[in-house]
Amino acid sequence: MRKIIIIGSGPAGLTAAIYAARGNLNPLVIEGYQSGGQLMITSEVENYPGFRDGITGPDLMAEFRAQAERFGTEFITQDVTKVELAGEVKKIWVDDELHESQAVIISTGASANLLGLENESRLMGRGVSACATCDGFFFRGKAVCVVGGGDSAMEEANFLTRFASKVYLIHRRQGLRASKIMDERIRQNPKIELVLDTVVIDVLGSELVEGVRLKNVQTNKVWDLPLEGMFVAIGHTPNTKLFGGQLDMDSKGYIVTSTDKGHVTATSLPGVFACGDVQDSHYRQAITAAGSGCAAALDAQHYLESL
Ligand code: NAP
């Protein structure tokens, strides 16, 4: 039986691992097939303190992982398939393999949302993408659009101007949700054209994306915009399916963590802690995720000492 198992390997999980390992708790991180979390599909990270010239998301996560490994963290690069978190012994399965621990830290993060259009899923990977960093390269000299009005959409649109000939930013309202600095950067970029008050109602093309059908929500005007790529950047859903029925969650599926016992990362079950985007629908930053990962490791350590 282990003292602690960490599920998930973004900034939250790996920070928890660094702290738990340095606290002699010999953590096991079940990092998942898509290890590293959302930063693995982020280009430049300019707001992580300590990197004044910026760093790419994958490079930053490689640093996190190496630091966790340096203090003895063990890793399993597979997905958790089942958990039983009630009771003093926490049970975690990776396929048929059972892992047991006294405490668990959940840091499974969140995943990109899609529009839910039939042709969006049919043309996924054929011009539809949720990751500009992964796929932007394929759109050299082509016209593309980004859907969304938050910081992610701004970041994707800016990044895509490195390759694309033209980037339409399609947002369902007049006002962008993004921070002022991102908003200004977008408006100053001559390759980006804002298409506001507008929604995508269909993705066009048989084998590859050939355009999007748009509707202005004020005038109800419908028109087709020819382009070869659609990047969806409309927010995220927490990865909490695995824990359904076992932990308290809010209406959007984020794990509820409490402040009442002085342990900000404590969940509704003793010995189970959650950190990062899986429990934070508000800040969702690498640095806040890392901070809550540190808190989760300290909370888990206090819990283990109290047993
Ligand atoms: P977000 O802030 O929640 O924005 C999602 C955007 O998608 C909103 O503009 C929303 O429209 C739109 N949207 C949602 N559902 C839609 C639908 N079905 N159809 C059309 N549009 C839809 O998400 P995010 O941009 O992923 O950012 C998440 C968090 O990460 C934020 O706190 C953000 O600041 C942060 N972030 C920071 C950076 C950075 O600082 N470098 C980079 C990326 C993200 P409405 O505005 O109308 O709701």
Side-chain angles (χ1 to χ4, degrees), residues 10-12 37-61 109-121 128-134 136 145-161 167-187 189 192 194-203 212-218 222 225 230-239 250-254 276-292:
Q38 292 176 72
L39 279 186
M40 298 302 277
I41 53 168
T42 301
S43 47
E44 282 297 304
V45 182
E46 293 181 336
N47 52 11
Y48 199 86
F51 298 90
R52 65 175 167 181
D53 297 325
I55 183 168
T56 70
D59 284 351
L60 181 58
M61 293 326 295
S111 297
N113 292 339
L114 295 174
L115 296 169
L117 302 167
E118 205 179 310
N119 285 326
E120 174 191 42
S121 42
V128 177
S129 169
C131 173
T133 325
C134 320
C145 71
V146 174
V147 187
D151 281 330
S152 300
M154 306 304 118
E155 203 174 66
E156 302 245 315
N158 257 322
F159 179 73
L160 285 164
T161 59
V167 178
Y168 297 95
L169 182 80
I170 300 167
H171 180 42
R172 61 184 178 183
R173 296 186 291 127
Q174 266 297 324
L176 296 176
R177 182 177 293 277
S179 54
K180 204 162 163 32
I181 186 170
M182 302 287 252
D183 186 328
E184 280 169 8
R185 216 178 275 179
I186 283 290
R187 291 177 198 270
N189 193 324
I192 299 175
L194 270 71
V195 186
L196 301 173
D197 279 336
T198 299
V199 290
V200 176
I201 55 171
D202 202 359
V203 189
V212 285
R213 184 156 295 158
L214 302 175
K215 182 177 163 185
N216 184 301
V217 293
Q218 298 295 340
V222 172
L225 180 64
M230 177 175 89
F231 290 83
V232 187
I234 58 165
H236 296 84
T237 299
N239 298 318
D250 71 10
S251 59
K252 287 182 172 172
Y254 286 87
D277 286 13
V278 76
Q279 51 87 55
D280 170 23
S281 60
H282 184 64
Y283 298 105
R284 298 185 285 191
Q285 302 298 302
I287 186 66
T288 52
S292 76

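Order of listing sets the numbers, starting from 1, for every ligand and every atom in it. In this text, all values refer to a predicted model and were calculated from it rather than measured experimentally.
Interface of Y283 with ligand 1, defined as ligand atoms under 4.0 Å from a residue heavy atom, comprises 32 (O). Annotation for ligand 1: atoms under 4.0 Å from non-hydrogen atoms of E155 are 41 (N), 42 (C). Of all atoms in ligand 1, numbered sequentially from 1 with element shown, those under 4.0 Å from a heavy atom of H171 are 9 (O), 11 (O), 45 (P), 46 (O), 47 (O). Residue-ligand proximity, H282 to ligand 1, at heavy-atom distances under 4.0 Å covers atoms 32 (O). The distance from ligand 1 to the heavy atoms of R173 drops below 4.0 Å at these ligand atoms: 45 (P), 46 (O), 47 (O). Contact atoms of ligand 1 toward N47: 39 (C), 40 (O), 41 (N) (distance under 4.0 Å to a heavy atom of the residue). Shown in contact with L115 at under 4.0 Å from a heavy atom are these atoms of ligand 1, numbered in order with element: 19 (N). In summary, the atoms of ligand 1 found under 4.0 Å from a heavy atom of H236, numbered by their order in the structure, are 26 (O).
Checked by distance only, ligand 1 and G149 come closer than 3.5 Å through their nitrogen or oxygen atoms.
Under 4.0 Å is where a charged nitrogen must lie from a carboxylate oxygen, and between E120 and R213 no such pair does.
A 4.5 Å side-chain heavy-atom check between I287 and P49 finds at least one atom pair inside the cut-off.
When S152, S179, A178, G150 are checked for heavy-atom proximity to atom 24 (P) of ligand 1, S152 turns out nearest.
With 3.5 Å as the limit, one finds a donor-acceptor pair spanning the side chains of D202 and N119.
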